[in-house]
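Quick notes on the structure that follows.
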Number of protein chains: 2
Amino acid sequence: MNGIAEVARVAGVSKSTASRALSGAGYVSEETRRRVASAASEVGYVPSAPAVSLASGRTRTVGVVLPGVTRWFFAQVLEGIQESLLSAGLDLVLYDARSGTPGRRRIFDDFLARRRFDGLIAVGVEPHDAELERIEAVRCPVVSVASAGFPDDIAIDDIDVSRRATEHLLGLGHRRILFLGGGTGRRTSVESRRFEGYRVAMDAAGLGERATHVHCDVTVPGGYAAAADILGDLRARPTGIVAVADEVAIGAIIAAQRLGIEIPHGLSVIGVDDHEYAGMFLLTTLAQDARAQGSAAVDLLLRRMAAEPGGLVAPASQPQVRLVVRNSTSAPFETPQA
Amino acid sequence: MNGIAEVARVAGVSKSTASRALSGAGYVSEETRRRVASAASEVGYVPSAPAVSLASGRTRTVGVVLPGVTRWFFAQVLEGIQESLLSAGLDLVLYDARSGTPGRRRIFDDFLARRRFDGLIAVGVEPHDAELERIEAVRCPVVSVASAGFPDDIAIDDIDVSRRATEHLLGLGHRRILFLGGGTGRRTSVESRRFEGYRVAMDAAGLGERATHVHCDVTVPGGYAAAADILGDLRARPTGIVAVADEVAIGAIIAAQRLGIEIPHGLSVIGVDDHEYAGMFLLTTLAQDARAQGSAAVDLLLRRMAAEPGGLVAPASQPQVRLVVRNSTSAPFETPQA
DNA sequence: CTGAAAGCGCTTACAG
DNA sequence: CTGAAAGCGCTTACAG
């Protein structure tokens, strides 16, 4: 005899009663509950997950789809999700769907359909139409984080954030301001929106014609390589850079230092995120709390899982961003060539 | 009717036959197999994971325990694992057990016992005794990567790697060589072993008394802060640093630059890993292939899962390391004060 | 408040 | 090569 049957035998009750006592669902006398509980711990009872799932229809598992864990933001969100899930007693199955990988195809074509989870969190996924269909076909609660293409449940205002970043530079007197990062590979909406915010601010300052998007991978080496190229050209060099994310900003700062350009006097750089390294590079940035977005995603998902199907559950609030001024931005040293 | 029962009905066979045809286990005529297969795709059959698990005793899932995903090495190993698992059709449940977190306790006390996986990969976990007991109690195949405390299945030779790093510096003429990184928080064996390799090399060069371990978090900011402190002291300044990992080495390089110390003339720095940023910082390092270690772990685990219980399956080979000489090391500029 | 019974959707000997 | 039946370990109406 094994599992709950043994617990029941030791406690001297039926399996049904043991089950109710353990799960807390249904009426059980306090006395019985105690007896079952001690029987369970006596025999070291651990419920069989597949049996529970099969009988109850719930897996006690949440799926997380994200485009890799190397970018700071995704790693942070993942850790936030994991932490909340752990304390809710839920398992986390991970689907690393970096765009363009064969793995991504398999995830959307096969793994999602298996439905090994009660709910799904998509982080930075930005599914295309076919992928979106797959997700919807799963018919389980979904929460998106920083993933345009869905109703964007949890995400900062990506247009506003770069508008603010750009205005910070404009306010310091910069005129030659470049937008750096993103635009390689499949165009993501987050990147497009951040560029858009920059453009809006440049327009409002009458500098719309100067708005420039220099593309690069959203990584430190990506920012480094692109910035080295730009900054090498003395005549065309901008006085300020709005980076799509801190990784790119940091790459640009490293490139500038390599070229003997002093930050901030020779070049101002502002990013988005407040990356782990931001303090070290004295980077001015629009900070967001990525871990908190991870736990907010779990909270929202749990509420959606608890709601009746079809019931719309809205996010509690939108994550905010705040300007952290460090020392990578200042008035331009060279007079802007008006 | 649902699931395999419907497939069976459409194909005009019994559930047993449908099951055998789909799983490929047991005899089925080619003709029947075809009929079942087309029935399955016709009705869009996806097996119920919990039902399969309950009936077969296999979850088709692998658990991965690791101390966070922020460190480059762990993120890479995780991606390597995910990729191999995906192509093997296995799910990955993630347990982020950063040491000292409440999550870690819960993982070892509760989650592991649920046994929601057929096998477990522990990356950089270095469990203490109580944790090790929990893992063993799970009684399922386990593979460890860079996790002392187990039979260390997949791991570079951590003593040898820093011995080589140190000898590289010694060979260039350095005498004042410091070992930087690790030793904060719970002492991990990887860190201790790398320090040990450094000590061995220093000893062999008759410099054993100068062997010094400066502790810091194994992160870029950790290396930065510790190096800034050390390098600020002009008289005691080393000419060479052996870093426990590239993150620390990179932090040290950034600190040196900040202090106006030129690399490599004013200071040589060597790391271990070949981090994504190593090229950018021209870092000389002992490179290891972390992703490959992730897939090697999966290969080994699959072989162990296939073997009869108790059968010992050894790793195919030990991951190797190679010296990548870039530009962060050279002969010391200042004559060493012999 | 408790128990007997059915059922979740598969797999797997077993018999044919 | 195929099918009927039992069983994996739970949960959940249902009846009492």
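So you know, we letter chains A, B, ... as the sequences are listed, proteins then strands, and number each from 1.
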For atom OH of A/Tyr27 and atom P of D/dT12, their distance in whole Å: 16 Å
Got a list of protein N/O to nucleotides 3-6 of chain D N/O distances below 3.5 Å?
{"residue": "D/dG3", "atom": "OP2", "partner": "B/Ser14", "partner atom": "N", "Å": "3.1"}
{"residue": "D/dG3", "atom": "OP2", "partner": "B/Ser14", "partner atom": "OG", "Å": "3.3"}
{"residue": "D/dG3", "atom": "OP2", "partner": "B/Thr17", "partner atom": "OG1", "Å": "2.8"}
{"residue": "D/dG3", "atom": "N7", "partner": "B/Arg20", "partner atom": "NH2", "Å": "2.9"}
{"residue": "D/dG3", "atom": "O6", "partner": "B/Arg20", "partner atom": "NH1", "Å": "2.8"}
{"residue": "D/dA4", "atom": "N7", "partner": "B/Ser16", "partner atom": "OG", "Å": "3.2"}
{"residue": "D/dA4", "atom": "N6", "partner": "B/Ser16", "partner atom": "OG", "Å": "2.6"}

A/Arg98 side chain to A/Gly68 backbone, donor-acceptor under 3.5 Å: no
Derivation and outcome, salt bridge (charged side-chain N to carboxylate O under 4.0 Å, His left out), residues A/Asp289 and A/Arg291: CA-CA 6 Å; A/Asp289 188 342; A/Arg291 297 184 75 92; over 6 Å; no
Nearest-0.5 Å distance that lies between atom CZ in B/Arg114 and atom CG in A/Asp91: 5.0 Å
Heavy-atom closest pair, residues A/Ala88 and A/Leu302: CB-CD1, 4.3 Å
Any residue meeting side-chain contact (heavy atoms from CB on, under 4.5 Å) with B/Leu85, in chain and number order, not counting sequence neighbours: B/Val62, B/Ile81, B/Leu90, B/Leu92, B/Val298
CA sep, side-chain torsions, deciding dist, call: B/Glu131, B/Arg134, salt bridge (charged side-chain N to carboxylate O under 4.0 Å, His left out): CA-CA 5 Å; B/Glu131 289 171 347; B/Arg134 299 290 193 171; over 6 Å; no
Contact list for DNA chain D against residues 47-63 of chain B - heavy-atom distance below 4.0 Å: B/Leu54, B/Ala55
Whole-Å distance separating the CD1 atom of B/Ile4 from the P atom of D/dG7: 20 Å
Main-chain N/O of A/Arg60 paired with A/Ser53 side-chain donor or acceptor, under 3.5 Å: no
Selection from D/dT11, D/dT2, C/dT2 that lies nearest to any side-chain heavy atom of B/Ser29: D/dT2
Nucleotide-level pairing of DNA chain C, given in dot-bracket where Watson-Crick and G-U pairs need both distances under 3.5 Å and | marks other strands: |||.||||||||.|||
Qualifying residue, where the test is side chain to side chain contact (heavy atoms under 4.5 Å, CB included) with B/Ser147 and the options are B/Val142, B/Asp153, B/Val125: B/Val125
Donor-acceptor contact present, side-chain B/Gln320 to main-chain B/Ile156, <3.5 Å: no
Pairs flagged by ring pair (Phe, Tyr, Trp, His ring centres under 6.0 Å) wherever residues 25-54 of chain A is involved - sequence neighbours left out: none
Whole angstrom value for the distance that separates P of C/dG9 from CZ of A/Arg115: 12 Å
Those residues that, when tested against B/Ala55, pass side-chain contact (heavy atoms from CB on, under 4.5 Å) (two or more places apart): none
Options C/dC10, C/dT2, D/dC10, nucleotide nearest the side-chain atoms of B/Tyr45: C/dC10
Sugar-phosphate only, base, or nothing, as touched by B/Thr32 at under 4.0 Å among non-hydrogen atoms: sugar-phosphate
Integer-rounded Å distance: D/dC1 C1' and B/Arg35 CZ: 12 Å
